[in-house]
There are 2 protein chains.
Amino acid sequence: MDKFKVIETPNIEETTEILRNGLKNKAVLIITACCRVAYEGRAKSTLESGDRVIIIKPDGSFLVHKGEKRNPVNWQPPGCKVRFRTENELLVIKSLRSKPKEILEVEISKTHVIMYFILNDDNELNLTGSEVEMSNYIFYENPEIIEKGFQPIAQEKPISNGIIDILGEDKNGNLVVLELKRGRATLDAVSQLKRYTDNLSKENKELRGILVAPSITKSAFKLLESYGLEFREVHPPRKLKMDKIDDRNFSFN
Amino acid sequence: MDKFKVIETPNIEETTEILRNGLKNKAVLIITACCRVAYEGRAKSTLESGDRVIIIKPDGSFLVHKGEKRNPVNWQPPGCKVRFRTENELLVIKSLRSKPKEILEVEISKTHVIMYFILNDDNELNLTGSEVEMSNYIFYENPEIIEKGFQPIAQEKPISNGIIDILGEDKNGNLVVLELKRGRATLDAVSQLKRYTDNLSKENKELRGILVAPSITKSAFKLLESYGLEFREVHPPRKLKMDKIDDRNFSFN
DNA sequence: CAGTCAATCTCGCTC
DNA sequence: GAGCGAGGTTGACTG
């Protein structure tokens, strides 16, 4: 089995052969074609004829990309099943999802290029600057970045209303709820914090809520103040050292 | 200029030639290659060597896909600029974003296939079953699906706290705030509605808030009740007629 | 499974 | 450009 195979302007037999082999051998299939697309499931959509890029991954992910935007115009998430058939000179590819029941149908009138590609990829993304890193930093490394005397008690603490990012005590022994955001905090974040403090304030009279983020929108800050809640500016940490691309362990296949 | 061009196992000159021509002619570029990826911007990430599918769209969108998942492992949104250079036998492609300042760098050690493809696509997605359709249906066509005597006043009404989906009056002349969700309503939706009713209740003593959705989670419903708010089951309408999907063989193992 | 929430969310719209 | 909220959100994680 070749690592990849490409056919330009294939006929319908060549196309189905690549499709079959690609699916069987857990390859990524890439098709550039003129097609129509129909979707029905949680919502419903049609997309009339045009050139698009179609990608079918071995995990069942199915993408239909237009020539713009980051997101696919239609898609199916991992776990879906692929079926295809030919109808005269049309190739119809379906992707089926069971729960929720969803179907994506791509009707290809002209295939420009079809290829499969067997990926060899052992490495996973290493990302820093997320909210969970921010949370760990505050909880384990530097609680007093919140304020002098702040002592964390619990992280990701479930209450009936949701999950509190960090629960702690201030230097006076008052309960403090922290809601963290890795980016600029919005009205949503304020509502979220209010939901948690409302819940806990039934049993704790002296309760503080602090929204912890690198910045906050003006209206969110006003709402926060009107609720008697606080804001603390904290930036998500960057644990990854990456001043330059490191080319050790560089492997050629 | 050809509509598309494909080269298998290109050398570095052929690769850069395709890249240059593809970018110049507003084609979609598709590269299957062994590469390393580094990102820095709002967050920071590295991804060590492995086979991936790289897509560069003429609007500046940049995708790096692994062989799994619906979403790219690394990406750049529309509007970014592409730069590339060769370094010994390496091809380094960068995608630059100015605000926020972000950079994505892909270092290709082995290109399996590179192609460009000039898309001819005049059609846009036609989607039904969204929240805005639900809103229009309630506002213009059938307000009494909420309850007998409900009269809508405003749609997408901005207040200091956010934007109310639908504002109306019940048969007794009480102000009613509707918050719509096209899918199952969660705690977030309840908080959102509460935020709006809190705001308006300063001036209106008789104020009702109704969460309108096809369903609601148990805890969201409890929270809703504790706030004295209401739930009304409404499903998003489907305006699109689409008999085109053929769901023969819509079977799952 | 359902629920909850983050995301380099993206995307569209409004001010 | 900032802010706000929807999305066929997806994805990860927990009970």
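The sequence lines fix the lettering, A, B, ..., with proteins before strands; numbering per chain opens at 1.
- Rounded to an integer number of Å, the gap from NZ of B/Lys239 to C1' of D/dG8 is 18 Å.
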Heavy-atom protein contacts under 4.0 Å, nucleotides 7-14 of chain C, coded B base, S sugar-phosphate only, - none: SBSSSS--

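- Residue contacts for A/Gln192: at a heavy-atom cut-off of 4.0 Å it reaches the sugar-phosphate backbone alone, with no base atom in range.
- Identified under the side chain to side chain donor-acceptor pair (under 3.5 Å) test for residues 129-138 of chain A, with sequence neighbours left out: A/Thr128-A/Glu133, A/Ser135-A/Gln155, A/Asn136-A/Gln155, A/Tyr137-A/Asn142.
- Note: CG (B/Asp188) to P (C/dG3) measures 14 Å, nearest angstrom.
- Using C1' as the reference atom, D/dG8 and C/dT14 are 25 Å apart when rounded to the nearest Å.
- The only member of B/Arg195, B/Lys202, B/Lys194 that meets salt bridge (Lys or Arg N to Asp or Glu O under 4.0 Å) when paired with B/Asp198 is B/Lys194.
- Residue B/Leu187 contributes atom CG, which lies 6 Å from atom P of C/dC5 at whole-angstrom precision.
- Of the charged side-chain nitrogens involved, none lies within less than 4.0 Å of a carboxylate oxygen, so that A/Lys181 and A/Asp188 do not count as a salt-bridged pair.
- For the pair A/Pro152 and A/Pro143, the tightest heavy-atom approach, listed with the atom from each and the gap, is CD-CB, 3.6 Å.
- Taking atom C1' in both C/dT8 and D/dT14, the straight-line distance is 25 Å, to the nearest Å.
- With respect to the salt-bridge test (charged N to carboxylate O, under 4.0 angstrom), the residues A/Lys69 and B/Asp59 do not qualify.
- Heavy atoms of B/Gly41 sit nowhere under 4.0 angstrom from any nucleic acid atom.
- A salt bridge links A/Glu107 to A/Arg36: one of the charged nitrogens lies within less than 4.0 Å of a carboxylate oxygen.
- Taking atom CD1 of B/Ile164 as the reference point, atom P of D/dG5 lies 10 Å away to the nearest angstrom.
- Rounded to whole angstrom, the span from the CG atom of A/Asn161 across to the C1' atom of C/dC5 amounts to 14 Å.
- As a whole-Å value, the separation of B/Leu178 CG from D/dA6 P is 13 Å.
- When the shell of 6.0 Å around CZ of A/Phe221 is examined, it contains 12 or fewer heavy atoms from other residues, nucleotides or ligands.
- Between the CD atom of B/Glu133 and the C1' atom of D/dA6 there is a distance of 14 Å, rounded to whole Å.
- Heavy atoms of A/Phe62 sit nowhere under 4.0 angstrom from any nucleic acid atom.
- Backbone-only engagement by A/Thr217 is indicated by non-hydrogen atom pairs under 4.0 Å involving sugar-phosphate atoms exclusively.
- Between the NZ atom of A/Lys222 and the P atom of D/dG3 there is a distance of 13 Å, rounded to whole Å.
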